[in-house]
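Whatever order the structure lists them in is the order used to number ligands and atoms, beginning at 1. Just so you know, these numbers come straight off a predicted model, no measurement behind them. In what follows, residues are counted from 1 in the order of the sequence shown.
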Amino acid sequence: MDKQTVRGIIDQLLIVQERDCRIARCRQELDDIPSRKQSAESKLADDRAALEKAQATLKARLAAIKNAEVEIETIRQQVAKLREQQFQIKSNEEFKVLNKEIAGLQEKIKLREDNELELMESAEQAQREANNLKTQLGGAETTVRGECRQLDERHKNLEAEMQQLLQERQGLATVVPADWLTHYTRVMENRRDIALVSLEGNACGACHMTLPPHILQEAKWAAEIITCSFCGRLLYFSG
Ligand SMILES: [Zn+2]
């Protein structure tokens with residue numbers, strides 16, 4: 001094979017390789033999209049947990065208010081019962097004893113009412129916090145939905161780009177002699193990044209190992225397929 005023919009094949013292969021690299025980048029980006037969507041979604045988990053916690057706090061405080069109300073009502077009924085008893089009592093002493101008991105119960109009611117007011121304030125605070133977190137989560141959900149929509153759109157575009165690249169690649173590969181293409185494909189499958197590489201001085205442009213003189217000479221003659229003795233990639237002399 002003469003130098004010009006080999007040079008022509010190498011130029012064709014370089015174009016094939018350029019498409020292969022773009023195909024690989026497309027594939028990589030396509031593969032990454034599900035995890036990018038997942039990581040966008042996972043940002044919502046903290047906001048959701050915070051909202052759930054605030055809602056649980058609010059629920060607990062409302063339950064405590066309900067409890068306080070039931071207790072106050074129970075004590076009021078006790079007071080009412082004692083007052084009824086007072087009507088039937090003849091002795092002044094007994095009347096006074098009941099009065100004292102009623103005063104004690106009314107003190108209890110007052111304490112519970114004060115406590116209920118505090119509970120109501122803290123429930124209002126919890127309600128405000130829950131509302132804020134709900135708004136925050138709503139905003140975050142909108143952002144994440146937007147991100148996911150963009151990623152879906154990117155996925156669609158990448159698939160179209162990939163389709164076109166594969167088609168182009170197929171067409172470009174038909175002009176490369178079969179033995180070269182087979183060799184190139186095998187190296188590409190092994191190396192997964194680049195299969196055809198130019199010399200860099202006396203070294204392989206990919207693995208950077210210094211090559212033996214006869215390989216360098218052969219690459220310069222460019223009469224056949226030359227491979228790097230270290231990494232196995234196809235070599236060409238670009239000078
Ligand atoms: Zn090498």
Legend entry - Residue pairs involving residues 14-31 (criterion side-chain hydrogen bond (donor to acceptor under 3.5 Å, both in side chains); sequence neighbours excluded):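 Listed once each, the pairs are E18-R22, R19-E168, D20-R169, D20-Y184, Q28-D32, E29-R154.
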Inset, instruction - Starting at CD of E159, measure out to CD of Q163 and round the result to the nearest 0.5 Å. - result: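 Going from the CD atom of E159 to the CD atom of Q163 covers 8.0 Å.
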Inset, instruction - State the CG-CG distance between L235 and L216, to the nearest 0.5 angstrom. - result: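 That separation rounds to 8.5 Å.
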Legend entry - Within-2.8 Å protein N/O/S contacts of the Zn ion (ligand 1):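 Listed by chain and number, the atoms are C204 SG, C207 SG, C228 SG, C231 SG.
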Inset, instruction - State plainly whether the residues K108 and E113 are in salt-bridge range, i.e. N to O under 4.0 Å. - result: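 No.
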Legend entry - Under-4.0 Å salt bridge between K156 and D152: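 No salt bridge links K156 with D152.
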Inset, instruction - Please lay out, stage by stage, how Q127 and N131 fare under the test side chain to side chain donor-acceptor pair (under 3.5 Å). - result: CA-CA 6 Å; Q127 178 74 68; N131 288 348; 3.2 Å; yes
